[in-house]
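Below: one structure, written as structure tokens.
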Amino acid sequence: MRGEFAGAEQFGFERTRGRAPVTLRRERDGETAFGGEEDGVTIVNLTPGTKFALWRELDLGLGVSFPRTRAAAFDAQGVVSVFWHF
């Protein structure tokens, strides 16, 4: 069993139509294992990045994720995301 958590903050400026062409993002996520070999191990990642408004409801996000705890599965990893607002 695992418990997961996530959060995000956005910083940007808006056009007159209400959407920011570029938004700076700072996300954090993590998980804690409850049971098994990794019982009690917590992993926390911090992911700074940027979100670009491409077309109407379509946004592209780019970032780099860094582990903030010693129990890390990687040193750093690139993150690419697509947001479709409907």
So if you build clusters from Ile, Leu, Val, Met, Phe, Trp, Tyr with side-chain heavy-atom gaps below 4.5 Å, do Trp84 and Leu54 land together?
yes

Please determine whether residues Val82 and Trp55 belong to a single hydrophobic cluster, defined as Ile, Leu, Val, Met, Phe, Trp and Tyr linked transitively by side-chain heavy-atom distances below 4.5 Å.
yes

If Ile, Leu, Val, Met, Phe, Trp and Tyr residues are connected whenever their side-chain heavy atoms lie under 4.5 Å apart, and connections chain through other members, are Phe52 and Val80 in the same group?
yes

At what distance, to the nearest 0.5 angstrom, does OG1 of Thr47 lie from CZ of Arg25?
10.0 Å

Value for CZ (Phe66) from CG (Leu46), rounded to nearest 0.5 Å, stands at 8.0 Å

Going by the side chain to side chain donor-acceptor pair (under 3.5 Å) test, which pairs reach into residues 70-79, not counting sequence neighbours?
none

Approximate separation, where rounding is to 0.5 Å, of Asp59 CG and His85 NE2
3.5 Å

Does one hydrophobic cluster hold both Leu62 and Leu58, with members joined at side-chain heavy-atom distances below 4.5 Å?
yes

Thr50 OG1 to Leu24 CG distance, which is reported to the nearest 0.5 Å
5.0 Å

Not counting sequence neighbours, which residues clear side-chain contact (heavy atoms from CB on, under 4.5 Å) with Ser81? List them please.
Phe83

